[in-house]
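All remarks here apply to the structure that follows.
Just so it is clear, the values below take in all heavy atoms, side chains as well, and ignore hydrogens, waters and symmetry mates.
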Amino acid sequence: MVLAPATVAGSATVPSSKPYFVGLTRGAFLLAVGSLFADVSTEMLYPVLPIFLTQELGASPALVGIIEGVAPALQNVAQGISGWVSDRLRRHKGIALLGYSLAAFAKPIIGLSTSWLGVLVARSLDRIGAGTRSAPRDALVAGSVDDADRGKAFGLEGFGDNLGAFLGPLLAILLLDVFHAPLRWIFFLSFFPGVLAAFSVLSVPESPPREASPKPRERDGRKLPGGYLRTLVAVGVFGLGNSSTSFLILRTKALGASLTTTILVYAGFNLVAALISYPVGWVSDRLGRKVLLLLSFLVFFVVYAGVGLTENAFVIAPLFVLYGLHQGTFRAIGKALVTDLVPAELHATGIGWYTTTVGLTGLVASVAGGELWTRVGPSATFLFGAGTALVGILLAVVLIPGRRGFSSFT
């Protein structure tokens with residue numbers, strides 16, 4: 001496998017003609033390993049958290065929606081702030097390590113909680129840590145390779161992230177079903193892969209700060225380009241119905257699936273997301289990002305419409321797994337796209353505010369989804385999401401730039 005160094009930021013982005021893995025650096029692989037361990041830590045507890053809240057602590061689905069809306073929203077607000085700070089300081093690695101450490105230490109606190117409010121506080125600390133690390137880590141990803149290989153780098157990081165999300169639930173099943181560990185012990189044991197994630201990122205060589213690109217008046221270092229802002233509008237509208245995956249977990253279990261089966265279905269969803277992440281990143285380096293992002297939106301619409309229109313667990317389970325195509329594509333392509341649309345010195349800022357938009361609209365979607373579930377019925381949660389996704393698709397066609405690279409600074 002050949003590892004290629006990154007080029008100077010600001011060079012024109014052209015479609016990559018390199019072989020499948022050529023162009024990836026040691027730093028890109030270490031960042032992917034860090035994401036793998038971080039998501040093993042997170043996803044050990046994620047599929048059991050709704051069950052822990054509703055069955056052990058007596059929380060309602062509406063409260064699950066609030067917790068899984070507030071905590072990720074705080075994550076993404078933290079990501080926006082940490083992205084801006086890390087770009088100003090031009091020191092991405094140290095801030096990323098701070099976030100990895102906070103997330104690792106917050107998870108055992110969830111296991112000590114005796115009420116939903118304690119879970120909310122601990123889960124929020126965990127997600128603030130995740131938000132603090134994410135934008136500077138993604139800036140490290142973007143800076144670790146040639147501009148023409150950016151989709152590959154984000155696809156590789158997404159592969160590590162989603163593979164961890166696949167392995168984490170399997171580890172939870174092993175602990176619960178084979179070793180008969182108490183449910184609370186999942187939260188305590190998730191601390192250890194979180195620490196391994198921090199050590200992986202500690203080994204990443206941080207490149208010297210790049211020289212800022214020329215700053216005409218329309219992009220003077222304080223303003224983000226118009227194409228980027230229009231992309232945020234389209235993604236934000238789409239996100240208004242993109243409620244927490246916890247609702248798919250609850251829906252699968254409510255229709256008769258056992259806890260083990262539900263976790264296996266969730267693991268299958270993450271495996272599909274992992275397997276699609278690198279290929280779509282590789283394809284986007286050749287064909288552009290927009291069409292792949294639109295395809296991910298379309299998959300979301302099909303899944304949410306399907307779940308909203310059926311009450312058959314044998315139909316919902318494969319739809320849940322299919323949802324992994326959206327997850328893997330949206331995560332990798334969205335971040336690669338927004339780094340295409342901003343200059344190199346604003347990479348962390350651009351990714352940070354992009355994920356802030358995703359998080360805040362996810363908060364609205366999750367709170368609304370919980371209320372619709374409680375007051376109208378589970379189907380209403382998913383049909384609402386399908387409707388907003390359709391509007392988001394139409395806006396994305398019109399607003400998201402179709403060109404790639406720094407020529408899109410308009």
Side-chain angles (χ1 to χ4, degrees), residues 9-10 69-92 95-96 98-99 124 127-143 150-151 153-154 157-158 161 209-210 212-213 215 218-242 289-290 293 296-297 330-366 388 392 395-396 399-401 404-406 408-410:
V70 169
L74 290 173
Q75 170 185 350
N76 288 281
V77 170
Q79 187 162 355
I81 295 170
S82 73
W84 179 82
V85 170
S86 66
D87 273 340
R88 299 287 278 189
L89 298 179
R90 305 179 86 178
R91 292 292 182 269
H92 302 307
I95 295 174
L98 174 65
S124 296
R127 294 298 85 196
I128 288 171
T132 300
R133 76 189 179 215
S134 295
R137 178 208 61 212
D138 290 337
L140 290 172
V141 172
R150 185 173 294 150
F154 279 104
E157 188 276 329
D161 180 272
R210 292 177 168 185
S213 54
K215 299 174 184 174
E218 67 270 18
R219 51 184 176 96
D220 60 2
R222 295 182 297 274
K223 295 181 181 179
L224 291 163
Y228 168 85
L229 296 174
R230 292 192 295 273
T231 299
L232 291 193
V233 172
V235 170
V237 171
F238 169 81
L240 290 173
N242 190 359
R289 326 276 191 218
K290 181 175 178 177
L293 191 68
S296 79
F297 286 4
F330 182 55
R331 190 181 194 282
I333 300 304
K335 291 179 180 181
L337 174 64
V338 297
T339 52
D340 286 344
L341 296 173
V342 297
E345 68 271 17
L346 293 178
H347 276 168
T349 302
I351 294 174
W353 293 122
Y354 163 78
T355 52
T356 294
T357 300
V358 172
L360 290 178
T361 56
L363 168 61
V364 174
S366 293
T388 56
L395 286 176
L399 297 179
I400 295 179
R404 300 173 65 250
F406 293 95
S408 297
F409 294 164
T410 57

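- The backbone N or O of L363 lies less than 3.5 Å from no partner atom in the side chain of S366, so there is not a single donor-acceptor pair.
- Taking 4.5 Å as the limit, every side-chain heavy atom of L337 sits out of range of all side-chain heavy atoms of K290.
- Between the OG1 atom in T357 and the CG atom in L232 there is a gap of 4.5 Å [rounded to 0.5 Å].
- In terms of the side chain to side chain donor-acceptor pair (under 3.5 Å) criterion, S134 has no residue partners (sequence neighbours excluded).
- With sequence neighbours excluded, the residues that form a side chain to side chain donor-acceptor pair (under 3.5 Å) with Q79 are T355.
- For the pair D87 (side chain) and T349 (backbone), a donor-acceptor distance under 3.5 Å is present.
- Taking the side chain as every heavy atom from C-beta outward, V141 and F154 approach each other to under 4.5 Å.
- A donor-acceptor pair under 3.5 Å links the side-chain atoms of S82 to the main chain of T132, judged by distance alone.
- A pairwise comparison of heavy atoms in H347 and A139 identifies CB-CB, 4.5 Å as the closest pair.
- To the nearest 0.5 Å, atom CG of residue D138 and atom CD of residue E157 are 5.5 Å apart.
- A donor-acceptor contact under 3.5 angstrom links the side chains of H92 and S86, judged on distance only.
- Within the 4.5 Å cutoff, no side-chain heavy atoms of F238 are placed close to those of L293.
- When all heavy atoms of L399 and A234 are compared, the closest pair comes out as CD1-N, 4.3 Å.
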Set out, in order, the CA-CA distance, both residues' side-chain angles and the distance that settles side chain to side chain contact (heavy atoms under 4.5 Å, CB included) for R133 and I95, then state yes or no.
CA-CA 6 Å; R133 76 189 179 215; I95 295 174; over 6 Å; no
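- With R289 as the fixed residue, the side chain to side chain contact (heavy atoms under 4.5 Å, CB included) test singles out one of L341, I333, I400: I333.
- The shortest non-hydrogen separation linking I128 to A78 is O-CB, 3.8 Å.
- A96 and P136 get closest at one heavy-atom pair: N-CG, 4.0 Å.
- The closest donor-acceptor contact from the side chain of Y228 to the backbone of Y354 lies under 3.5 Å.
- The side chain to side chain contact (heavy atoms under 4.5 Å, CB included) check on T356 picks up V77, W353, L360, with sequence neighbours excluded.
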